[in-house]
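Let me begin by presenting the structure, written as structure tokens, before commenting on it.
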Amino acid sequence: MESHDESSSHEGPEETNQKRDLFSDDSGEEAETALELKSRQRQEQQELEEKEAMEELQMRDSYRFIPPTMEELEAEREMGVELPMMHERIQEVVRVLSDFKHLRFEGYNRNDYLKVLKSDLVYYFGYLPYLIEKFLQMFSPAEVVELLEANEVKRPVTIRVNTLKSRRDDVAKKLIERGVNLDPIDWSPVGLMVYDSTIPIGATPEYLAGHYMIQSASSWTPVMALAPEVGETVLDMAAAPGGKTSYIAALMKNTGQLFANDVSKSRLNALTANIHRLGVRNCTVINFDGRAIPKHFSSFDRVLLDAPCTGLGIVSKDPSVKVKRDRQDIDVLAYTQKQLLLAAIDAVNANSKTGGVIVYSTCSVTVEENEWVVNYALEKRCVKLVDTGLPFGKEGFTRMRQFRFHPSLKLTRRFYPHTYNMDGFYVAKFVKYDNRLPEEVAESEKAAEAKSKSDSEEAATTNGDNTNETKKPRKKRKRRKNRNKTGNHKRRKVE
Amino acid sequence: MRPLSEDEFATLFKKLSKYIGDNCRYLLERSDKQYCFRYHRDRVYYCSEDLMKKSASIGRKNIVSLGVCFGKFTKTGKFRLHVTALDYLAQYARYKLWVKPSAELSFLYGNNVLKAGLGRITENTPQYQGVVIFSMADTPLGFGVMARSTAECRNLGPEEIVCFHQADLGEYLREEDTIV
């Protein structure tokens, strides 16, 4: 009986069937049929449901989203568009673009969909069209939407414990007693993440005593990459308001000499106050334009440059960035950043016993402010990129649209709000191997090679080797070590 | 940046000795490194010699702070101690006052210490003596001047002032702009 196969999970019908056989003989046949009918009905119902589900799935797959034209969009704006509907449309277009070959509507190309998406993103999230284009250039549409949505939400509050005055366990215990809900951060030995608190975190007696500092987690990464050691001479070129500077001092254990520089006088107050509050004793606060620093100093062991940037990675902290930053801002800032980075490199002594390290960081996600600046420095100074030593982070780009960068750019690290729940950040760690300029190094190498060749020739002739006398004098070939004809770094095949 | 003159040194140490007495000399006679005082724009800074040497070449317009700022000289030549010097004062303090947790916040807001908030106090503290004020967890909170001697404090009512407020950690928030 087929009913047994269908309802094998429960033996009710079987038992009841047998029971009925026992009790009534003549209605046995009818009972079986009724039961059979019931189970058949159930089976049919199941099949029908499955079929409907399949149809729905197919219908959804075969549902082709038609992108509205520009005129339709404008008309929509004038009438007043509903945000939930726009949000749904954004999701639809992203879905289509993710599998364009199968999901596109016939007759419409990728650009039509992209136009709709850009216009919707500009309106829904409130960015300049230029910025939306920039994000779409760097990420897939789905990731762009993730990034923009992450920018709408604030990142969790994080605290860095000041090891000059306290320990993480003590601070955590005291704050929990006061009514703060927090957890230690696993990738940092001094970090605490605050979930919620009944009291203002920035006004506890422990805060005033300098036991901790409210600082976003991504700001710890450049100092961790810098890894200053005890007894060194370190410079923080753009130090205000002093979170990174005090972390550097804590890692140096108040030894050595730390210089905290900032160009804006108004922010120096906060910097000095923070330094005093956190008990930093080895620091001199100075007020220079970063680009002028190499004229006054030239022998730092390590330099940290947290360059002024557009702040496109910290939109959640400062939403005005969405409409303030345009093409000119990025260009001007990129130029300043390049100058500052060269100055930072010039201020470091390559022959320092323990260091020769420069860390460049920004709180932006654009390639113009990050990889481009780093690549420029690689070409202009005798520096090389090394691993930042950070436990996580996405690799920097080696190619993006029209840019082609040195393959070592892979060692730099990018952080995004939607992947790590940290502010958008970029960190690059350089090691300076020579105090001279690359051209001088190349020339001196040439001279040294020529000298060694002539030396070896002399030595050979004095030995009385006949074969050398008959040889023609060798042509001095210009030795290009890593550079191609245009003088750029040769692209090496990366395994 | 220049070294302090004789008079300035005298004024500085007179003020410091109100709080830390003879221990003043330990500020300059240190076993680990040589430290020194320097004067810049009416303010007195305390830092190690090697930091001072490296910073010596920085121009007056460009240097803002050097090591730890102890305080400033007022226009009439008196020396005013700032809360930024608290760590050193607490280290060498001779007379200490511990404040109950209930009165901690009140003191951090800038109020004087009342008898109700008094936890512990060093024996034989004379009247008008400079004291360093600690929380019960031994965190320095600020410093002040005794209104009454230890013996007199025992007989005070709960609302009477025990110690006048001179400086507290709350100034880092309240007076961020003027403190350094």
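Per chain, numbering begins at 1; letters A, B, ... match sequence-line order.
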*Could you tell me whether a side-chain N or O of His296(A) sits under 3.5 Å from a main-chain N or O of Ile58(B), the two making a donor and an acceptor?*
no

*asked:* Is it the case that over 12 heavy atoms from other parts of the model lie below 6.0 angstrom from the NZ atom of Lys14(B)?
replied: no

_Taking CG in Asp22(B) as the centre, count heavy atoms belonging to other residues, nucleotides or ligands within less than 6.0 Å. Is the count above 12?_
no

*What residues, two or more places apart in sequence or in another chain, satisfy ring-ring contact (aromatic ring centres under 6.0 Å, His included) together with Phe143(B)?*
Tyr19(B)

*Counting only heavy atoms not in Arg41(B), do more than 12 fall under 6.0 Å of its CZ?*
no

*asked:* How long is the straight-line distance from NZ of Lys61(B) back to CG of Asn287(A), given to the nearest 0.5 Å?
replied: 11.0 Å

_Using a 6.0 Å cut-off, check whether atom CZ of Arg2(B) has over 12 heavy atoms from anything other than its own residue._
yes

*Would Gln257(A) and Ser55(B) count as a side chain to side chain contact (heavy atoms under 4.5 Å, CB included) if you check the C-alpha gap in whole Å, the side-chain angles of each, and the deciding distance to 0.1 Å?*
CA-CA 9 Å; Gln257(A) 296 88 42; Ser55(B) 321; over 6 Å; no

*What are the two closest heavy atoms between Gly67(B) and His276(A), and how far apart are they?*
O-NE2, 3.7 Å

*If you count heavy-atom pairs under 4.5 Å with chain A, which of Cys47(B), Cys69(B), Gly170(B) comes out on top?*
Cys69(B)

*Supply the atom-to-atom distance Lys54(B) NZ to Phe259(A) CZ, rounded to the nearest 0.5 angstrom.*
7.0 Å

*Do Glu176(B) and Asn269(A) have side-chain heavy atoms sitting under 4.5 Å apart?*
no

*Would you indicate whether Arg436(A), at its atom CZ, is surrounded by more than 12 heavy atoms from other residues, nucleotides or ligands within a distance under 6.0 Å?*
yes

*According to the side-chain hydrogen bond (donor to acceptor under 3.5 Å, both in side chains) rule, which pairs have a member within residues 140-153 of chain B, sequence neighbours left out?*
Thr125(B)-Thr150(B)

*Can you tell me how far CG of Asp32(B) sits from OG1 of Thr255(A), rounded to the nearest 0.5 angstrom?*
11.0 Å

*Verify the neighbour count for atom NZ of Lys253(A): are there more than 12 heavy atoms of other residues, nucleotides or ligands below 6.0 Å?*
no

*Residue among Val280(A), Val285(A), Leu271(A) with most heavy-atom pairs under 4.5 Å to chain B*: Val285(A)

*How long is the span from the OG1 atom in Thr284(A) to the CD1 atom in Ile63(B), to the nearest 0.5 Å?*
5.5 Å

*State whether the side chain of Asn62(B) and the backbone N or O of Ile286(A) hold a donor-acceptor pair below 3.5 Å, judged by distance alone.*
no

*Checking Thr233(A) against chain B: side chain, backbone, both or neither under 4.5 Å from a heavy atom?*
side chain

_Sub-4.5 Å side-chain heavy-atom contact between Leu169(B) and Tyr207(A)_ = no

*Could you look at Leu66(B) and say if it's the side chain, the backbone, both or neither that has a heavy atom under 4.5 Å from chain A?*
both

*Nearest non-hydrogen partners of Glu104(B) and Pro205(A), listed with the distance*: OE1-CG, 3.5 Å

*Counting only heavy atoms not in Arg178(A), do more than 12 sit closer than 6.0 Å to its CZ atom?*
yes

_Is there a side-chain contact between Thr139(B) and His211(A) in this structure, where contact means two heavy atoms from C-beta onward sitting under 4.5 Å apart?_
yes

*Is there side-chain contact between Lys165(A) and Asp87(B), with at least one heavy-atom pair below 4.5 Å?*
yes

*Is the Lys NZ or Arg CZ of Arg281(A) less than 6.0 Å from the centre of Tyr88(B)'s six-membered ring, within 45° of the axis?*
yes

